[in-house]
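Basis for what follows: all heavy atoms, side chains included, without hydrogens, waters or symmetry-related copies.
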Amino acid sequence: MKIFNTFTNARHIKKLPEIDVLIWLASLIQYKSLGYSLKLYCLDSDIEFLKQENLYDLYDEIDTEFFKTNETLPKLNGEKFWSSRKLEAIYHEICELKSGAIYSDTDIIMFKPIDTNCDAVVWSPEPRYSGQNTIYVDWKHLSKPKGYKMPDFIKREKDAYNCGIMWFKDPELYKFYREQYLRFALNNPCEITGVPEYGNNLFACNGEQRILKAC
């Protein structure tokens, strides 16, 4: 089975902190030791960075075309909904290539194979305590596209996942999630309302994580 990552940040950073590079390297080495092949979705501009950090040669396949040719990403605010790149890559692998591949963030080190004997795998590395959410703002404060109606199955009081691993056995299940995500993300002004201390920041991305938890 294949594990795939996404990365498109090299144009913004010259060098990652050493600990981040070491975790990324360790995660790839560990996946290979478990028998997975490795694929990365990135841009041509990222290749030099990957080689500089000794990451390039660990991947069995690197796709630099998908982000350039995907028709959905240009319609989204990629600076706010940065997860859209990984969500589109997941859609491509699961629903178009039908590869059965597993998505993983680059900062996760797994010590045993991922159990795919279920309909979906969603691994969230950050625990939540006593209903307190210091990372993500409440759903009610997230801006929505004009005319957006929150689906009944999304519980307002539920917290968001911070997803590190995602996999779906049934492509139709992922298509349903992606459809709900795009309804929320397309034409979204990406502002936080009613919470002055947050201002107009990047927390708009947690909308899709609440949708995932509801689906």
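In terms of hydrophobic clustering, with Ile, Leu, Val, Met, Phe, Trp and Tyr side chains grouped at heavy-atom distances under 4.5 Å, Tyr59 and Val21 are assigned to a common cluster. Residue Ile23 is not grouped with residue Trp123 when hydrophobic side chains (ILVMFWY) are merged at heavy-atom distances under 4.5 angstrom, including chains of intermediate members. Note on Leu186 and Phe67: same hydrophobic cluster, where clusters join Ile, Leu, Val, Met, Phe, Trp and Tyr whose side-chain heavy atoms are under 4.5 Å apart, directly or indirectly.
Other residues, nucleotides and ligands contribute more than 12 heavy atoms inside 6.0 Å of the CG atom of Asp20.
Phe176 is linked by a side chain to side chain contact (heavy atoms under 4.5 Å, CB included) to Phe153, Gln180, Cys215, counting only residues two or more places apart in sequence or in another chain. Applying the side chain to side chain contact (heavy atoms under 4.5 Å, CB included) criterion to Asp44, with sequence neighbours excluded, gives Thr64, Lys68. Scored by the salt bridge (Lys or Arg N to Asp or Glu O under 4.0 Å) test, Lys75 finds no partners at all (sequence neighbours excluded). Under the side-chain hydrogen bond (donor to acceptor under 3.5 Å, both in side chains) criterion, Tyr91 pairs with no residue at all, not counting sequence neighbours. Annotation: salt bridge (Lys or Arg N to Asp or Glu O under 4.0 Å) contacts of Arg183 (sequence neighbours excluded): none. For Lys39, the salt bridge (Lys or Arg N to Asp or Glu O under 4.0 Å) test picks out Glu61, Glu93, with sequence neighbours left out. The side chain to side chain contact (heavy atoms under 4.5 Å, CB included) search around Ala185 returns Leu76, Phe81, Tyr181, not counting sequence neighbours. Applying the side chain to side chain contact (heavy atoms under 4.5 Å, CB included) test to Glu18 and every residue at least two apart in sequence or in another chain returns Leu22. Qualifying side-chain hydrogen bond (donor to acceptor under 3.5 Å, both in side chains) partners for Glu96, counting only residues two or more places apart in sequence or in other chains: His92. Applying the side-chain hydrogen bond (donor to acceptor under 3.5 Å, both in side chains) test to Lys51 and every residue at least two apart in sequence or in another chain returns nothing.
The minimum heavy-atom distance between Asp119 and Leu173, with the atom names listed, is O-CD2, 4.3 Å. Taking each heavy atom of Leu50 and Phe7 in turn, the nearest pair found is CD2-CD2, 4.3 Å. Considering every non-hydrogen atom in both Asn188 and Pro145, the closest pair reads ND2-CD, 3.7 Å. Tyr36 and Ile114 make their closest contact through OH-N, 2.9 Å (heavy atoms, listed as atom of the first residue, atom of the second, distance). Residues Cys95 and Pro171 come closest through the heavy atom pair SG-O, 3.6 Å. Listed here is the closest heavy atom pair of Phe168 and Ala120: CD2-CB, 3.9 Å.
For the atom pair Ser27 OG and Ile3 CD1, the distance stands at 9.5 Å (nearest 0.5 Å). Note that the CG atom of Asp46 and the CG atom of Leu55 stand 11.0 Å from one another [nearest 0.5 Å]. In this structure, OG in Ser37 is found 7.5 Å from NZ in Lys32, a value given to the nearest 0.5 Å. The distance from atom CG of Leu58 to atom CD of Glu53, rounded to the nearest 0.5 Å, is 12.5 Å. One distance of note links CG of Leu73 with CD of Glu88; it measures 5.0 Å at 0.5 Å rounding. Expressed to the nearest 0.5 Å, how far CG of Leu25 lies from CD of Gln30 amounts to 13.0 Å.
Within the structure, side chain to side chain donor-acceptor pair (under 3.5 Å) contacts touching residues 163-176 (residues at least two apart or in different chains) are Glu172-Lys175.
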Go through it in stages, so that I can follow the logic: the residues are Lys146 and Asn187, the test is side-chain contact (heavy atoms from CB on, under 4.5 Å), and I'd like the CA-CA distance, side-chain angles, deciding distance and then a yes or no. CA-CA 8 Å; Lys146 186 177 181 180; Asn187 301 312; over 6 Å; no
Apply side chain to side chain donor-acceptor pair (under 3.5 Å) to Arg85 and Thr8, showing your working. CA-CA 9 Å; Arg85 290 183 279 273; Thr8 57; 2.9 Å; yes
Mind listing the side-chain donor-acceptor pairs of residues 104-113 below 3.5 Å, one per line with the distance, residues two or more places apart or on another chain?
unit_1	atom_1	unit_2	atom_2	d
Ser104	OG	Tyr31	OH	2.9
Asp105	OD1	Tyr103	OH	2.6

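At a threshold of 4.5 Å between non-hydrogen side-chain atoms, the residues Arg178 and Ile94 do not count as touching.
The residues Lys2 and Asp60 are annotated as not salt-bridged, no charged nitrogen and carboxylate oxygen being separated by less than 4.0 angstrom.
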